[in-house]
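Step one of this worksheet: look at the structure below.
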Amino acid sequence: MLDIQLLRKDLPAVVAGLGRRGVVFDETAFRSLEDERKTLQTRTEELQAKRNSLSKQIGMLKGKGDDTSAVMTEVAGLGDDLKANEVALAALQERLNAFLRVIPNIPRADVPAGKSADDNVEVRRWGTPRQFDFTPKDHVDVGAALGGLDFETAAKLSGARFSVLKGGVARLHRAIAQFFLDVQTQEHGYTEVYVPYMVSGECADGVSSLAKFKEDLFKIEGRDLYLIPTAEYPVTNFVRDSILDIKDLPLKFACHSPCFRSEAGSYGKDTRGMIRQHQFDKVEVVQIVPPDQSADAHEALTSHAEAVLKKLELPFRTMLLCTGDMGFSSAKTYDLEVWLPAQNTYREISSCSNFEAFQARRMGARFRNAQGKTETLHTINGSGLAVGRTLVAILENYQRADGGVDVPKVLQSYMGGTTSLPPG
RNA sequence: GGAAAGGUGGCAGAGUGGUCGAAUGCGCCGGACUCGAAAUCCGGUGUACGGGCUUCCCGUACCGUGGGUUCGAAUCCCACCCUUUCCGCCA
């Protein structure tokens, strides 16, 4: 959520900032809501003040045993007017709030303007795609040859966009997650956390807009609970409705969890294989920091995600997303894209975003600064990394002509010393 | 799932209709005392929104959440949520 103080103080800056991401801010609607709010609030608070002071008088008179009927009559006259104003004010604040909560974040100044993924900017590239002396298969065929990827059984169980892993492939999948968690906790200082895989609507609306994106989530029937689309949902909400001590910052968490996404609106996209699934595993890294540290923390967090790709020796590039391709809550996002030989292209495997105060404001996450004043925190998170897509990348990049797949060096110890998955 | 008890400030804990945003203690901050510290003493110490002559003052709201009763609700009524204990069930 944007800072309403900023909207009041410098509306043109907000309009211009949102304009960069192609969002038209309805100034007229906002101004009229604000004007009405001001009138109603002033009027309501005046009436409340009057009622309070008259009621206190009644209390004092009764204490002395004096007659209160005159004051009672006076205060009774306020009743209907006051009630009407209170109801109107509450309704208006509800509208103002709803209005504000569906407005996306303002991109940072260093985010390039653009309309779509085509306008994203490559900021660096690492590794050289392997030259194959045979035609590389895609991960579906590689997995099938290993007897480890079974989409038919998954479809029988749950329909499209699910997968069943078996044998060495299932073990490799587990190894990847363990490896990610170990790197992030042991080398980058994140605290490992285990969390609920369902969160309340309130928490969901803290990290994004539930009103706008609820069709992307799986909801539990008859309950105010949603399956998490990323561990960002529970983990960022650790600090909801709280005021942290500056000495406890920054907070850094790493969390392995399954992620559930309805993938509404992605019909026909990535239908083959496990690129786009309703359920996938991910290790998420989250940082909660004071505002003056968020830009640096965002760069650091991105490098933490890159570090695991380097260790896996998977070629990737880092893209700075343009204003038009960023998520709702983000002020600046880097996507890491891993090389997939069968597609002959780079595909997203991590997304690292700085939300600045946007999520924290929605959640009521604050800290007490050096001056002792409460201030809104900044939140940052990224995938470190997506486990399923990493499996895909390994199967494709490490495949052999004989149909086997080599296990990346750093994962071998997680596989009981296994150096390769044999064909058949 | 059944029964009971309970949810109050950073923490503990008082408050069962009227100057209660809330006693008291602890903690924390500032000051005094001290060479320094401890102890002691004095003062201060919630959040959000609105307004103002904007290091401060004023108003409003907030005692789990949402409704209701009342001139007035932390206090009474209703619903819900959560916690604890006991019983049942269960990986």
Side-chain angles (χ1 to χ4, degrees), chain A residues 1-11 30-101 194-206 210 220 222-226 234 237-249 251 258 357-377:
Chain A
M1 177 162 60
L2 299 179
D3 184 1
I4 190 144
Q5 308 294 355
L6 179 66
L7 283 151
R8 287 174 188 151
K9 211 170 58 198
D10 194 357
L11 192 55
F30 176 72
R31 285 221 170 84
S32 89
L33 281 171
E34 257 296 278
D35 286 348
E36 206 183 329
R37 187 226 95 224
K38 205 163 178 171
T39 311
L40 269 175
Q41 183 166 347
T42 309
R43 176 75 182 138
T44 304
E45 290 185 359
E46 275 170 6
L47 288 168
Q48 286 172 327
K50 195 163 179 188
R51 178 207 54 200
N52 289 347
S53 81
L54 289 175
S55 290
K56 267 184 185 172
Q57 274 185 44
I58 293 171
M60 285 188 286
L61 290 173
K62 284 206 166 174
K64 288 189 286 186
D66 290 351
D67 176 55
T68 59
S69 57
V71 189
M72 293 272 257
T73 316
E74 192 183 354
V75 77
L78 295 174
D80 292 346
D81 195 15
L82 176 58
K83 189 77 188 168
N85 273 278
E86 282 177 340
V87 168
L89 180 63
L92 191 81
Q93 276 168 337
E94 193 71 29
R95 271 167 64 203
L96 193 54
N97 201 34
F99 177 88
L100 287 174
R101 287 186 87 87
Y194 170 83
V195 299
Y197 299 152
M198 302 173 207
V199 296
S200 67
E202 203 175 39
C203 286
D205 200 61
L210 192 57
I220 304 301
R223 308 212 33 184
D224 179 35
L225 283 175
Y226 296 82
N237 274 288
F238 281 9
V239 294
R240 120 178 321 275
D241 284 329
S242 54
I243 301 175
L244 304 183
D245 195 316
I246 193 167
K247 74 175 193 304
D248 296 326
L249 300 173
L251 294 176
F358 190 84
Q359 294 183 324
R361 199 173 291 116
R362 298 172 86 86
M363 292 187 298
R366 294 149 295 168
F367 74 107
R368 218 172 283 287
N369 66 21
Q371 288 74 47
K373 292 245 189 282
T374 57
E375 201 178 333
T376 306
L377 286 159

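A, B, ... follow the sequence lines: proteins, then strands. Residue 1 opens every chain.
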(message) With a 6.0 Å cut-off (strictly less than), is the heavy-atom count around CE of Met1(A), excluding the residue itself, greater than 12?
(response) yes

(message) Considering every strand and a 4.0 Å limit on heavy-atom distances, what is the contact class for Ile58(A): base, sugar-phosphate, or nothing?
(response) base

(request) Between protein and nucleotides 58-65 of chain B, map the contacts as a letter string: B base, S sugar-phosphate only, - none, heavy atoms under 4.0 Å, written 5' to 3'. (result) -BSS----

(request) Could you state the atom-to-atom distance from NZ of Lys247(A) to P of rG27(B) in whole Å? (result) 16 Å

(request) Indicate yes or no for a side-chain donor-acceptor contact from Asp224(A) to the backbone of Gly201(A) under 3.5 Å, with no hydrogens or angles considered. (result) yes

(message) If I take atom CG in residue Leu96(A) and atom P in nucleotide rC49(B), what distance separates them, rounded to the nearest angstrom?
(response) 13 Å

(message) Heavy-atom nearest nucleotide on RNA chain B for Thr42(A) versus Lys83(A): which residue maps closer to 5'?
(response) Thr42(A)

(message) Given 3.5 Å as the limit, does a donor-acceptor pair link the side chain of Arg366(A) with the main chain of Leu377(A), or not?
(response) no

(request) Considering only atom C1', compute the distance from rG15(B) to rU19(B) and round it to an integer number of Å. (result) 16 Å

(message) From CZ of Phe367(A) over to C1' of rU47(B), roughly how many Å is that when rounded to an integer?
(response) 16 Å

(request) Quote, to the nearest angstrom, the P distance that separates rC29(B) from rG46(B). (result) 15 Å

(request) Without swapping roles, check the side chain of Arg37(A) against the backbone of Ser32(A) for a donor-acceptor pair under 3.5 Å. (result) no

(message) Does any part of the side chain of Arg31(A), heavy atoms only, come nearer than 4.5 Å to the side chain of Leu11(A), both counted from C-beta?
(response) yes

(request) May I ask you to verify if any side-chain N or O of Thr374(A) is less than 4.0 angstrom from the OP1 or OP2 atom of rA48(B)? (result) yes

(request) May I ask you to decide if Asn52(A)'s main-chain N or O and Ser55(A)'s side chain share a donor-acceptor pair within less than 3.5 Å? (result) no

(request) Rounded to whole angstrom, note down the P distance from rU45(B) over to rC57(B). (result) 9 Å

(message) Rounded at 0.5 Å granularity, tell me how far OG1 in Thr39(A) sits from CG in Asn85(A).
(response) 10.5 Å

(request) Report the stems of RNA chain B as range-with-range entries sorted by first number; a stem here is at least three consecutive pairs, Watson-Crick or G-U wobble, both distances under 3.5 Å, and write none if there are none. (result) B:1-7 with B:81-87, B:10-12 with B:24-26, B:27-32 with B:40-45, B:46-52 with B:56-62, B:64-68 with B:76-80

(request) Take atom C1' in rG17(B) and the same atom in rG72(B), then report the distance between them in whole Å. (result) 8 Å

(message) Could you measure the distance from the NZ atom of Lys56(A) to the CZ atom of Arg51(A)? Nearest 0.5 Å is fine.
(response) 11.5 Å

(message) Tell me whether the side-chain N/O atoms of Arg368(A) come closer than 4.0 Å to OP1 or OP2 in rG46(B).
(response) no

(request) Determine the interatomic distance between P on rA22(B) and the same-named atom on rA74(B); round to the nearest Å. (result) 12 Å

(request) For nucleotides rA12(B) and rG7(B), find the distance between their C1' atoms and express it as a whole number of Å. (result) 15 Å

(message) Within the 4.0 Å heavy-atom criterion, would you say Arg43(A) contacts the bases, only the backbone, or no part of the nucleic acid?
(response) nothing

(message) Nearest whole Å is fine: how far is rG66(B) P from Glu94(A) CD?
(response) 11 Å

(request) With RNA chain B as reference, determine whether Arg37(A) or Lys373(A) sits nearer its 5' end, using the nearest nucleotide of each. (result) Arg37(A)

(request) Write down the distance between CG (Asp224(A)) and P (rG66(B)), rounded to a whole number of angstrom. (result) 15 Å

(request) In whole angstrom, give the distance that lies between atom CG of Asn97(A) and atom C1' of rC49(B). (result) 13 Å

(request) Indicate, with a heavy-atom threshold strictly under 4.0 Å, whether Ile4(A) touches base, sugar-phosphate, or nothing. (result) nothing

(request) For Met1(A) and rA48(B), give me the distance from atom CE to atom P, rounded to whole Å. (result) 13 Å

(message) Are Leu244(A) and Leu251(A) packed together at the side-chain level, in the sense that at least one heavy-atom pair is separated by less than 4.5 angstrom?
(response) yes

(request) Could you grab the distance from atom CG of Asp10(A) to atom CG of Asp3(A), nearest 0.5 Å is fine? (result) 11.5 Å

(request) Could you work out the separation of rA79(B) and rG52(B) based on their P atoms and round it to a whole Å? (result) 45 Å

(message) I want to check something: taking the side chain as every heavy atom from C-beta on, are Phe358(A) and Leu2(A) in contact at a cut-off of under 4.5 Å?
(response) yes

Taking N or O atoms only and anything under 3.5 Å, show me the protein contacts with nucleotides 77-84 of chain B, one pair per line.
none

(request) To the nearest Å, give me how far apart CG (Asp241(A)) and P (rG10(B)) are. (result) 12 Å

(message) Under 4.0 Å, heavy atoms only, any strand: does Glu202(A) hit a base, just the sugar-phosphate, or nothing?
(response) nothing

(request) Please state the P separation for the pair rG2(B) and rC62(B) - nearest whole angstrom. (result) 33 Å

(message) Under a 3.5 Å distance rule, please check whether Asp205(A) uses its side chain to pair with a backbone N or O of Leu210(A) as donor and acceptor.
(response) yes

(message) Would you compute the distance between atom CG of Asn97(A) and atom CG of Leu33(A) and round it to the nearest 0.5 angstrom?
(response) 11.0 Å

(message) Heavy atoms from C-beta onward define the side chain here; which of rU47(B), rC71(B), rC49(B) lies closest to that of Arg366(A)?
(response) rU47(B)

(message) Has Asn237(A) got a side-chain atom pairing as donor or acceptor with Cys203(A)'s backbone, closer than 3.5 angstrom?
(response) yes

